[in-house]
Amino acid sequence: MEKNNNENYTMYNENEKTGDRTLVNPQTDIVFKEIFSKNKRALASLISSVIGRKVKAEDITVVPNEITSEGYDGKVARLDIEVLIGNEKYDIEMQICKEKGFYKRSRYYWAKLYTDNFKQGDKYSSLKPTICINIVNFVCFDKPEFVSRYQNVDTLGTEGSEYYVCKEILELDTTYYIELPKVKDIEPETDIELWGKFFNVRKESDLAMLESKNKDLFCGADEDLKGISQDDIKRKAAFKRERAEADYINRYDDGFEDGFEDGIEKERVRNILKLHKYGLGINEISDALSISADEVQRIIDSNKEAKND
């Protein structure tokens, strides 16, 4: 297996000696997080282009979050980026495959972030507007636009209007979907179109074209991508990670994933309940299985409810 990985790695870099080198895939989770969790200026530019208003890098606080996926060094690292900007919470995630229950999971992430750190006795006024940005490498909706924004409105409307909007309710809950496949054939002009193209680049020539249009927009993310591509350890790790993600997509497309996911989920639940039965605490189980403490608690609580029923 290692031999195949080395062969693929060599193929991955076969254009190094030419003028148009291959870049690591910016959609790969560890590459995405490497760039945007460390480069606040680029993160601010990306968020600004999505929400349509200026965000300053100095106003961003990147929140350390729990760990769920393998990183460059073999350690685990969560895929999404959680940030605070003033009175708002944001979760930005790159998703390459439309998994079973994707929309429900997206709503679950929003709800989890919305209620995070809210404790009994806290005032409801302390709950912050919560925005989720899902950048996805698949088509979600049957419409030509590649950016979608979902918010709460009164769909019964009012006289003379199809919808009625309460600003206080509207601002609490916002979810964006950025569908990258729809950007590929667009001649980019706007900031969000340029960012969409950025996540689709694979060659330095493609990146150079975007830089010629508005290099300042990327705030160093373009140079970060080149730097990761030129780092032997990170480049090899990124390629292995991309291959693993591609294998996952293939399993899903072949119809294997439904049964595979069900089996994995059942085994995970069994392990959590077994460790809990042996007296391990929530955090100990979380560390042992690399599952968030909230998810461990949810599974244990669900099991209690099932027994009561």
Side-chain angles (χ1 to χ4, degrees), residues 1-2 5 28-30 32-34 37 62-84 89 91-122 127 130 132 134 237 240-252 254-309:
M1 178 63 76
E2 183 60 31
N5 285 339
T28 305
D29 49 39
I30 56 175
F32 176 75
K33 189 156 188 174
E34 168 83 4
S37 65
V62 178
V63 180
N65 50 18
E66 62 265 31
I67 49 180
T68 60
S69 172
E70 189 173 302
Y72 288 124
D73 54 4
K75 297 180 180 178
V76 285
R78 184 168 158 176
L79 313 187
D80 57 326
I81 300 172
E82 182 182 330
V83 301
L84 291 174
K89 292 181 178 181
D91 186 80
I92 303 98
E93 181 179 9
M94 175 67 71
Q95 183 76 17
I96 63 164
C97 179
K98 189 175 182 179
E99 301 169 314
K100 181 180 179 182
F102 166 70
Y103 298 114
K104 292 181 179 179
R105 182 172 67 82
S106 175
R107 298 306 298 158
Y108 171 76
Y109 274 20
W110 175 88
K112 182 175 178 296
L113 185 61
Y114 182 62
T115 58
D116 190 33
N117 297 324
F118 187 79
K119 303 177 182 64
Q120 186 174 359
D122 288 349
L127 290 168
T130 301
C132 288
N134 298 287
K240 288 182 177 180
R241 185 66 180 168
E242 184 179 5
R243 292 298 305 164
E245 291 175 341
D247 290 343
Y248 180 89
I249 292 174
N250 289 335
R251 290 200 307 269
Y252 190 90
D254 290 341
F256 169 75
E257 198 60 35
D258 287 349
F260 181 81
E261 282 189 344
D262 289 344
I264 291 293
E265 177 65 17
K266 289 177 182 177
E267 182 65 21
R268 184 175 71 156
V269 170
R270 281 196 294 267
N271 289 335
I272 289 173
L273 297 178
K274 183 183 293 184
L275 292 177
H276 185 249
K277 182 179 179 181
Y278 289 159
L280 271 70
I282 300 298
N283 291 330
E284 292 174 311
I285 297 173
S286 173
D287 291 341
L289 300 179
S290 295
I291 300 171
S292 73
D294 286 344
E295 182 68 3
V296 172
Q297 185 69 64
R298 182 189 68 78
I299 289 172
I300 291 172
D301 290 344
S302 297
N303 185 65
K304 289 179 181 178
E305 292 173 3
K307 285 184 176 180
N308 291 335
D309 290 343

Minimum heavy-atom distance between [X] and [Y], given as atom pair plus value:
X    : Y    : result
L127 : T115 : CD2-CA, 4.4 Å
A293 : S286 : N-OG, 3.4 Å
S37  : V62  : O-CG2, 3.9 Å

Atom pair [atom1]/[atom2] of [X] and [Y] - distance to nearest 0.5 Å:
X    : Y    : atom1 : atom2 : value
K33  : T28  : NZ    : OG1   : 15.0 Å
L280 : L275 : CG    : CG    : 5.5 Å
H276 : N271 : NE2   : CG    : 14.5 Å

Salt-bridge present (R105, E93; N to O < 4.0 Å): yes
Quick check: does any side chain N or O of [X] sit under 3.5 Å from a backbone N or O of [Y], one acting as donor and the other as acceptor?
X    : Y    : value
D122 : K119 : yes
S106 : F102 : no
K89  : D116 : yes

4.5 Å side-chain heavy-atom contact, [X] and [Y]:
X   : Y   : value
D29 : M94 : no
V63 : L84 : yes
F32 : I92 : yes

Side chain to side chain contact (heavy atoms under 4.5 Å, CB included) for I81 and D91? Distances and angles first, verdict last. CA-CA 6 Å; I81 300 172; D91 186 80; over 6 Å; no
Please report the C-alpha distance between Y108 and E295 in whole Å, then the side-chain angles of each, then the deciding distance to 0.1 Å, and finally whether the side chain to side chain contact (heavy atoms under 4.5 Å, CB included) criterion is met. CA-CA 11 Å; Y108 171 76; E295 182 68 3; 3.5 Å; yes
Run the side chain to side chain contact (heavy atoms under 4.5 Å, CB included) test on I285 and I291 for me, step by step, so that the C-alpha distance in whole Å, both residues' side-chain angles and the decisive distance to 0.1 Å come before the verdict. CA-CA 8 Å; I285 297 173; I291 300 171; over 6 Å; no
So I300 and I282, side chain to side chain contact (heavy atoms under 4.5 Å, CB included) or not? Walk me through it. CA-CA 9 Å; I300 291 172; I282 300 298; 3.5 Å; yes
Mind checking side chain to side chain contact (heavy atoms under 4.5 Å, CB included) for R107 and listing every partner two or more places apart, or none if nothing turns up? W110, D173, T175
